[in-house]
Amino acid sequence: MDSWTKEISKCIDGERIFSQSGRDAVIADKIFIVTGAAQGFGYGIAQAFAAMGARVALADMNERGAKDAAKVLASEYQSDCIGLAANVADEGQVAQMVADTVRHFGGLDVMVSCAGILKAGSLEDLTAEDFSRVNAVNYTGFFLCAKYASAVMKLQRGLDPARMHDIIEINSKSGLEGSKANFAYAGSKFGGIGLTQSFALELAPFGIKVNAICPGNLLDGPLWSDPEKGLFRQYLEAGKVPGAKTVEDVRAYYESKVPLGRGCRVDDVVRAVKYVIEQPYETGQAVPVTGGQVMLR
Ligand SMILES: NC(=O)c1ccc[n+]([C@@H]2O[C@H](COP(=O)([O-])OP(=O)(O)OC[C@H]3O[C@@H](n4cnc5c(N)ncnc54)[C@H](O)[C@@H]3O)[C@@H](O)[C@H]2O)c1
């Protein structure tokens with residue numbers, strides 16, 4: 001056993017991780033880490049599970065954002081929430097994030113690897129540096145989160161051989177089909193599905209399920225809707241949508257691509273995350289939440 005694992009094994013508190021308050025039979029008192037939780041999908045997932053009675057570590061590179069968000073959730077839902085500074089592309093910081101969570105809560109049940117970045121661009125435009133940065137966060141970041149979370153989960157499984165744990169990657173519909181002039185992101189997300197399947201095979205004997213959730217476009221989130229630098233504005237200015245004269249035209253074009261007629265919402269993704277936690281017989285899967293825009297073959 002290495003020194004990190006030795007120290008962490010002393011912090012696991014059997015009584016705390018196995019207690020149940022009964023607020024939500026599946027989720028209550030489970031201990032979560034959600035990365036990228038200062039805003040967007042990460043914040044929405046942390047909020048939903050805090051409301052169900054989970055104990056949540058909200059981790060983000062944006063330390064102020066993570067700490068403020070944790071404070072809001074703790075007071076709104078009377079739930080134990082903490083905010084942590086962590087860059088998921090940095091191994092030392094991920095080890096620290098997991099250790100701080102176990103020190104505070106006494107264990108870890110669910111790792112939601114949500115932090116992600118996107119840098120669109122053609123082969124002509126994108127630099128090797130841009131490509132590496134996207135992969136460092138989306139691909140390597142998921143590996144590091146799974147590595148340190150699974151170490152804790154294996155120790156807990158040693159205390160209770162029936163206990164199940166979850167590692168969940170918030171992937172994308174771009175992890176299921178290519179994305180024009182967006183290959184750095186799509187490649188990192190396709191890679192995430194490869195990691196999900198491989199980790200699932202390796203960790204199944206330890207009762208650790210590993211699944212990816214693949215949302216469609218969160219059209220109401222800041223990435224798309226920010227009035228100055230959101231994708232609607234950028235695509236309008238770049239003339240990406242033929243004939244579009246306003247931001248609303250661009251939005252209508254993206255909505256028209258979805259059979260169910262609207263963008264993905266945080267609550268759609270929360271339902272999928274809850275499903276994979278609740279379902280004890282699902283691992284190594286990529287669950288599309290795309291309103292029918294991308295279907296599995
Ligand atoms: N927005 C969409 O339409 C959409 C669609 C499908 C999938 N996704 C995926 O959902 C996840 C969240 O996306 P979002 O739209 O909520 O993004 P967002 O940009 O609104 O939020 C991302 C959060 O991650 C944090 N972050 C960025 N790099 C980090 C790092 N290295 N370490 C720790 N934190 C970091 C940011 O500070 C931010 O708080 C991403 O993995 C993304 O690929 C998003």
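All of these numbers come straight from a predicted model, not from anything done at the bench. Atoms within a ligand are numbered from 1 in the order they appear, just like the ligands themselves.
Only side-chain heavy atoms of Leu223 come within less than 4.0 Å of ligand 1; its backbone N, CA, C and O stay farther off. Contact annotation: for Leu118 versus ligand 1, there are no heavy atoms closer than 4.0 Å.
Within a 4.0 Å radius of atom 17 (O) of ligand 1, the protein has no heavy atom.
Geometrically, ligand 1 and Ser172 share no nitrogen or oxygen pair separated by less than 3.5 Å. Of the polar atoms of Trp224, at least one N or O is found under 3.5 Å from an N or O of ligand 1, judged by distance alone. Looking at ligand 1, you won't find any N or O of Gly42 less than 3.5 Å from one of its N or O atoms. Taking only nitrogen or oxygen atoms, main chain and side chain alike, Cys114 reaches within less than 3.5 Å of ligand 1. For the pair Val137 and ligand 1, the shortest N or O to N or O distance does not fall below 3.5 Å. At under 3.5 Å, a nitrogen or oxygen of Val88, whether backbone or side chain, sits near a nitrogen or oxygen of ligand 1. In terms of polar-atom proximity, defined here as any N/O pair under 3.5 Å, Asn217 makes no such contact with ligand 1. In terms of N/O distances under 3.5 Å, ligand 1 is not approached by Lys173.
Side-chain atoms of Asp80 do not come within 3.5 Å of backbone N or O of Arg55 as any donor-acceptor pair. Under a 3.5 Å cut-off, the side chain of Ser150 and the backbone N or O of Lys147 do form a donor-acceptor pair.
At the shortest separation from atom 35 (C) of ligand 1 among protein heavy atoms lies Ala115 CB, 3.7 Å. Annotation: atom 39 (O) of ligand 1 to nearest protein heavy atom, Asp60 OD2, 2.7 Å. For atom 5 (C) of ligand 1, the nearest non-hydrogen atom of the protein is Gly216 O, 3.1 Å. Closest to atom 19 (O) of ligand 1, if we only count protein heavy atoms, is Gln39 NE2, 3.4 Å. In terms of protein heavy-atom proximity, atom 30 (C) of ligand 1 is nearest to Met61 SD, 3.3 Å.
Residue Gly116 approaches ligand 1 through these ligand atoms, each under 4.0 Å from one of its heavy atoms: 40 (C), 41 (O). Listed by number with element, the atoms of ligand 1 under 4.0 Å from a non-hydrogen atom of Leu218 are 1 (N), 2 (C), 3 (O). Within ligand 1, counting atoms from 1 as listed, the ones closer than 4.0 Å to a heavy atom of Ile170 are 10 (O), 41 (O). Taking every non-hydrogen atom of Ala38 and a distance limit under 4.0 Å, the qualifying atoms of ligand 1 come out as 39 (O). Per-residue contacts place Asn171 under 4.0 angstrom from the following atoms of ligand 1 (heavy atoms of the residue considered): 7 (C), 8 (N), 9 (C). Close approach to Ile117 involves these atoms of ligand 1, each under 4.0 Å from a residue heavy atom: 27 (C), 28 (N). Under a 4.0 Å criterion applied to the non-hydrogen atoms of Asn87, ligand 1 contributes the atoms 30 (C), 31 (N), 32 (N). Close contacts of ligand 1 with Gly40, meaning ligand atoms under 4.0 Å from a residue heavy atom, involve 16 (O), 20 (O).
Within the model, atoms CG of Leu118 and CG of Leu231 stand 7.0 Å from one another, a figure rounded to the nearest 0.5 Å. The distance from atom CG of Asp220 to atom OG of Ser225, rounded to the nearest 0.5 Å, is 5.5 Å. Thr35 OG1 to Met97 CE: the interatomic distance, rounded to the nearest 0.5 Å, is 6.5 Å. Remark: Cys145 SG to Ile167 CD1 distance equals 9.0 Å, nearest 0.5 Å. Atom CD1 of Ile82 and atom CZ of Phe105 lie 4.5 Å apart (nearest 0.5 Å).
Using a 30° and 60° split on the angle between ring planes, Trp4 and Tyr148 fall in the perpendicular class, above 60°.
Looking at Tyr43, Tyr185, Phe142, Phe41, it is Tyr185 that brings a heavy atom closest to atom 42 (C) of ligand 1. In this structure, of Cys214, Ala86, Gly36, Ser174, the residue bringing a heavy atom nearest to atom 33 (C) of ligand 1 is Ala86.
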Yes or no on side chain to side chain contact (heavy atoms under 4.5 Å, CB included) for Arg233 and Asp226, after CA distance, side-chain angles and deciding distance?
-> CA-CA 8 Å; Arg233 168 70 46 200; Asp226 185 279; over 6 Å; no

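Residue contacts with ligand 1 leave out Gln93, since none of its heavy atoms falls under 4.0 Å from the ligand. Residue contacts with ligand 1 do not include Ala136, since none of its heavy atoms lies under 4.0 Å from the ligand. The shortest separation from a heavy atom of Pro215 to ligand 1 is under 4.0 Å, placing the residue in contact.
Taking the charged nitrogens against the carboxylate oxygens, Lys119 and Asp125 have no contact shorter than 4.0 Å, which rules out a salt bridge. A salt bridge links Glu7 with Arg103: the closest approach of a Lys/Arg side-chain nitrogen to an acidic carboxylate oxygen falls below 4.0 angstrom. Ion pair Asp2/Lys6 not flagged as a salt bridge, since none of the NZ, NE, NH1 or NH2 atoms sits closer than 4.0 Å to an Asp/Glu carboxylate oxygen. Using a 4.0 Å cut-off between a side-chain N of Lys or Arg and a carboxylate O of Asp or Glu, Arg251 and Glu255 qualify as a salt bridge. Using a 4.0 Å cut-off between charged nitrogen and carboxylate oxygen, Arg163 and Asp109 count as a salt-bridge pair.
Under a hydrophobic clustering in which Ile, Leu, Val, Met, Phe, Trp and Tyr are joined whenever their side-chain heavy atoms come within less than 4.5 Å, directly or via other members, Leu58 and Met52 fall into the same cluster.
Annotation: Tyr235 is not in aromatic contact with Tyr253 [ring centroid separation under 6.0 Å not met].
Donor-acceptor pairing under 3.5 Å is lacking for the side chains of Gln156 and Asp160.
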